[in-house]
Participant: 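Take this structure, written in structure tokens, and hold onto it; I'll ask about it next.
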Amino acid sequence: MSQLRTLVAIADRGNFSQAALDLDISQSAVSHAIATLEDELGAILLNRGRHGATLTDTGREIADSARKILELLNDIERQAKSARGLDSGHVRVACFRSVATHLLPKAIEHLRHRYPGIAIAIDEYNTSQDIEDELRAGRADIGFVLLPAGSEFETWNVMMDEYWAIVPSSDQYATEVIAWEDLFSRPLILPPRRFLCAQIVLDRFAKLGLNVEPSYEVREDSTILSMVAQGLGATVMARLAAEPIPAQVRAYRLPVPFHRHIGLAILANALHLPPVFAVRDALKETIAHLTLPGQPRPEQPWPNLKRSGRSA
């Protein structure tokens with residue numbers, strides 16, 4: 001089916017690069033799909049040239065048949081959705097601002113095409129604890145939380161988010177890794193200690209034997225970044241929360257990288273309607289294919305970073 005979709009996309013767009021954009025895959029994946037299809041069918045489907053790709057007569061006939069097959073497949077999927085109760089519904093998603101900004105738009109676009117009858121409501125919260133409370137109270141169906149979450153939840157790890165040092169733009173260093181003494185030469189600005197992100201940072205500092213206390217505790221990420229931009233201090237913040245990085249600050253990797261796990265959560269023993277599971281699966285699938293600045297996928301190892309010559 002993916003090969004037939006690729007053939008139809010090339011027939012509609014006239015070249016591999018536009019077909020790759022429409023299908024949200026790489027151009028090499030498009031080339032591989034067509035080459036595999038031609039090999040399996042034993043026929044040349046496309047004439048490839050400097051100015052694009054044109055269908056052969058055989059390719060045009062097969063593309064027409066492929067459209068009919070895909071239309072029938074769509075009919076089957078619509079019938080199955082109707083039988084599962086997925087042609088309508090309302091799903092409430094609780095998340096952080098950074099997730100709502102950087103992860104959800106693409107995922108919701110994907111959901112809109114797959115489940116146009118399901119309405120999505122998004123509520124933003126400051127902490128993972130707030131989101132867990134909303135799930136427990138039944139005011140949210142699906143939540144983006146920091147892992148590990150409470151034992152009453154079923155969770156899925158969807159991405160790792162590395163913590164970076166954020167300093168004023170006037171602080172310029174020769175490498176992408178800041179030394180500890182350079183980071184701590186300024187007052188440290190962190191969220192309040194009751195926030196899990198602050199706990200992650202301070203716990204990691206303690207394990208590394210770094211006796212550091214924040215000079216300022218500030219609730220909002222945007223306010224922290226504004227304070228750093230004004231030269232009032234430095235912070236350690238998850239990269240996704242800091243995006244887009246303001247022009248008045250610079251981001252550096254830490255001498256010892258660490259990260260937070262962002263996961264999807266639903267209440268394990270609750271009775272969920274089919275649209276909740278459909279939205280959960282679509283979110284997992286879409287986010288797994290997103291590429292964001294500084295974000296390795298959950299299954300990827302963290303990069304080996306070269307330290308600067310400064311001592312830590």
Side-chain angles (χ1 to χ4, degrees), residues 1-89 91 93 102-120 156 158-159 264 274-293 295-300:
M1 288 301 144
S2 62
Q3 293 167 355
L4 295 181
R5 287 192 180 94
T6 303
L7 177 63
V8 170
I10 294 172
D12 291 341
R13 304 296 282 177
N15 62 66
F16 282 33
S17 58
Q18 288 298 319
L21 288 174
D22 287 352
L23 296 170
D24 197 21
I25 60 176
S26 67
Q27 191 168 332
S28 61
V30 170
S31 299
H32 178 73
I34 294 301
T36 303
L37 183 60
E38 288 180 328
D39 184 59
E40 291 177 355
L41 295 177
I44 301 300
L45 306 178
L46 293 170
N47 292 316
R48 300 157 177 85
R50 217 183 315 174
H51 303 293
T54 58
L55 293 170
T56 63
D57 290 341
T58 300
R60 192 174 297 107
E61 292 175 359
I62 291 176
D64 289 340
S65 297
R67 283 193 182 88
K68 295 174 184 176
I69 291 171
L70 294 175
E71 288 172 3
L72 289 171
L73 180 61
N74 288 335
D75 288 341
I76 292 170
E77 289 178 346
R78 282 193 292 270
Q79 292 165 8
K81 289 175 189 175
S82 179
R84 298 196 307 268
L86 297 180
D87 50 354
S88 65
V91 177
V93 179
H102 301 295
L103 300 185
L104 284 185
K106 188 70 175 178
I108 289 175
E109 179 189 11
H110 180 66
L111 280 163
R112 182 173 59 84
H113 290 298
R114 182 181 289 188
Y115 305 113
I118 297 178
I120 309 293
W156 299 263
V158 294
M159 74 174 298
L264 281 173
V276 172
F277 296 109
V279 171
R280 177 205 63 187
D281 293 343
L283 289 173
K284 288 165 55 181
E285 178 184 338
T286 306
I287 293 170
H289 292 89
L290 288 180
T291 301
L292 296 164
Q295 307 301 325
R297 302 197 189 285
E299 68 274 10
Q300 291 179 328

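Note: hydrogens, waters and symmetry copies are ignored here, and every other heavy atom, side chains too, is used. Small disclaimer: the values here were computed from a predicted structure and weren't measured.
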Participant: Nearest 0.5 Å, please: how far is CD1 in I108 from NE2 in H113?
Facilitator: 12.5 Å
Participant: Rounded at 0.5 Å granularity, tell me how far CG in L264 sits from CD1 in I287.
Facilitator: 5.5 Å
Participant: Might you point out which heavy atoms bring Q27 and S17 nearest each other, and give the distance in Å?
Facilitator: OE1-CB, 3.5 Å
Participant: Can you tell me how far CZ of R67 sits from CG of L4, rounded to the nearest 0.5 angstrom?
Facilitator: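 L4 CG to R67 CZ: 11.5 Å, rounded to 0.5 Å.
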Participant: Under a 4.5 Å cut-off applied to non-hydrogen side-chain atoms, are E61 and L55 in contact?
Facilitator: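 Result no, sub-4.5 Å side-chain heavy-atom pair not found.
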Participant: Going by atom types only, do T56 and T58 share a side-chain donor-acceptor pair under 3.5 Å?
Facilitator: no
Participant: To the nearest 0.5 Å, how far apart are CZ in R13 and CG in D22?
Facilitator: 4.5 Å
Participant: Answer yes or no: is there a side-chain heavy-atom contact under 4.5 Å between L283 and L104?
Facilitator: yes
Participant: Looking only at heavy atoms, what is the nearest atom pair of I10 and A19, with distance?
Facilitator: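 Nearest pair, atom of I10 first, then A19: CG1-CB, 3.7 Å.
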Participant: What heavy-atom pair brings I69 and M1 nearest, and what distance separates the two atoms?
Facilitator: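 For I69 versus M1, the nearest heavy atoms are CG2-CE, 3.9 Å.
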Participant: Is the shortest heavy-atom distance from the side chain of V8 to the side chain of L70 under 4.5 Å?
Facilitator: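 SC-SC contact between V8 and L70 confirmed.
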Participant: Whether E109 and K106 form a salt bridge (side-chain N of Lys/Arg under 4.0 Å from carboxylate O of Asp/Glu) is what I want to check.
Facilitator: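 Yes, this pair counts.
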Participant: Indicate yes or no: at least one non-hydrogen side-chain atom of R114 is less than 4.5 angstrom from one of E285.
Facilitator: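 Of all side-chain heavy-atom pairs linking E285 with R114, at least one is under 4.5 Å.
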Participant: Of the non-hydrogen atoms in Q3 and T36, which two are nearest, and what is the gap between them?
Facilitator: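 Where Q3 meets T36 most closely, the heavy atoms are NE2-CG2, 3.2 Å.
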Participant: Looking at side-chain heavy atoms only, is the closest gap between L111 and I118 below 4.5 Å?
Facilitator: no
Participant: Is any side-chain heavy atom of I25 less than 4.5 Å from a side-chain heavy atom of H32?
Facilitator: no
Participant: Quick check: do Y115 and P275 have side-chain heavy atoms less than 4.5 Å from each other?
Facilitator: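 No, too far: nothing below the 4.5 Å cut-off.
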Participant: Measure the spacing between CG of L45 and OG1 of T6 and express it to the nearest 0.5 Å.
Facilitator: 11.5 Å
Participant: Can you tell me how far the CG atom of L7 sits from the CG atom of D12, to the nearest 0.5 Å?
Facilitator: 9.5 Å
